[in-house]
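Have a look at the structure below before the remarks.
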Amino acid sequence: MIELKKMNYEVYPIIVPDQSSLKSINFYLIRTNQSLTLIDAGWNTDECFQALVDTLNLKGLTIKDITEIVITHHHIDHIGLVNRIVSIQPIPIYVHPLSIQRLKRDKDFLEMRIDFFTHLYENLGCGEAGRRQVDFLKASVEKNKHNAIQSSLTPIRGPFLKEFEVIDIPGHAPDQIALFDQTRKWFFSGDLLINHISSNALVEPDQNGKRMYTLVDHMNSLRKCQALPIDIVFSGHGVMIENPNELIQKRLDSVEEKARKLKTLIEQGIRTANDLAQTFYEKSYNNQFSLVMSEIIGHLDYLEVEGVVEKQLIKGVWHYSTKETEDLIT
Ligand SMILES: [Zn+2]
C-alpha cells in the first residue's frame, strides 16, 4: 500500500507585535525535507531580526539554513530583513515580476512615479495638499535609497515547492501574490485580507505610468480568494483567519456601502475627488492624505466601472456626476 505523506512541510510563524494599527508584523518559515523558505521579511528592525533568529533557534536552525525568500509584495514592512539575511547567506529571492523595479528602487521608475502622482493630484483637484504630498514623495525617494534590495531577484510564477501554486492577487499592491496549498487549503496572502482592519488598495501606476484601478483589482482578488477552497489565511498582520469567506464578504460589502455614500454626496453636488475626500474624511484628509485619496479614487473607479458615475475633465480637474443626473441635463 502506498502511504500518502500529506504533511510534508511545517510552518513556523514569526509574529512580531507592532504598536500601530497593524497589531503585528507576520512572516513565515516553511520547512520541507530539502528547503527552508522564508515568506516575507518584516521590517528592517532588530526586533524583527531577533524574532526570526529565535524562531529558527527553537527548531535548531540558523539564518544560514534558509534556502530562499519569497516576497508577497514590495511594501517596506514585508521586505525589511532581505538585505540583512542575504548578506549572511546569499540565497534566491523570488518576487512577482512587477516587484523588481520597485524593490530595486529603479531611478527611472521612481521619477515616473512622482510624475504620475503630480498629474494625478492635479486631476483630482488637490491643489496645495497634492503638491505637499509630491514633495514628501520626492524626499522619500532620497531617504529610502538605502532600502533598495541589493541582490538579484527571480520572478516567481506557477507552481512552487511542489505543494504551492503562486496566485496573483493585485490591489493592495500591484505585485501582490499568494502561495496556495490546495491539499491543506492554506493560503499565504500578504495583506489581501487582514482580520482586524480592511486593507487599503493604494493608488499606483503600472510600469508605463498608467493608473491601475487598484480597488477594483483588490475586489477581484478577494472574489478570487472566495472562490478557492481555503481553510486558513496566513495574513501579513494580525491573527490567522480561519474560513475567510464571511470576512471577505464583509470587506466587499463595505466597499459597496462606502461607494453608495459617495454617490449620495455626488448627487448633492460635491463633484471632485478632493472635495469628496474632505467632506467624507474630514480630519483624516490632513492626517492621512495619500491613504484618503487612494480610498476616494478607488471607490470612484468602482462606481465608474459599475456604470453609476461618469467623469468629465473641466480645467484639468475630473468632475464626477451620476449617470441619471447627466441624463437630466442633456
Ligand atoms: Zn503589510
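Remember, it's 1-based here, ligands and their atoms both numbered in the order they're listed. What you see is a predicted model; the values in this text were computed from it and never measured.
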- Grab the two heavy atoms, one from A129 and one from F289, that are nearest each other, plus how far apart they are.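 Here A129 and F289 meet closest at CB-CE1, 3.6 Å.
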
- Task: Starting from L291, walk the hydrophobic network (Ile, Leu, Val, Met, Phe, Trp, Tyr; side-chain heavy atoms closer than 4.5 Å) and list everyone else you reach, by chain and number.
- Result: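 L291 shares its hydrophobic cluster with L202.
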
- By side-chain hydrogen bond (donor to acceptor under 3.5 Å, both in side chains) - contacts of S221 (at least two apart): none

- the Zn ion (ligand 1) neighbourhood, protein N/O/S only, threshold under 2.8 Å: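 Protein N/O/S atoms under 2.8 Å of the Zn ion (ligand 1): D77 OD2, H78 NE2, D191 OD2, H237 NE2.
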
- With sequence neighbours excluded, residues passing salt bridge (Lys or Arg N to Asp or Glu O under 4.0 Å) with E246: none

- Note on the structure: The side chain to side chain contact (heavy atoms under 4.5 Å, CB included) partner of V95 among L153, I79, T154 is L153

- Find the distance between CG (L303) and NZ (K311) and round it off to the nearest 0.5 Å. 12.0 Å

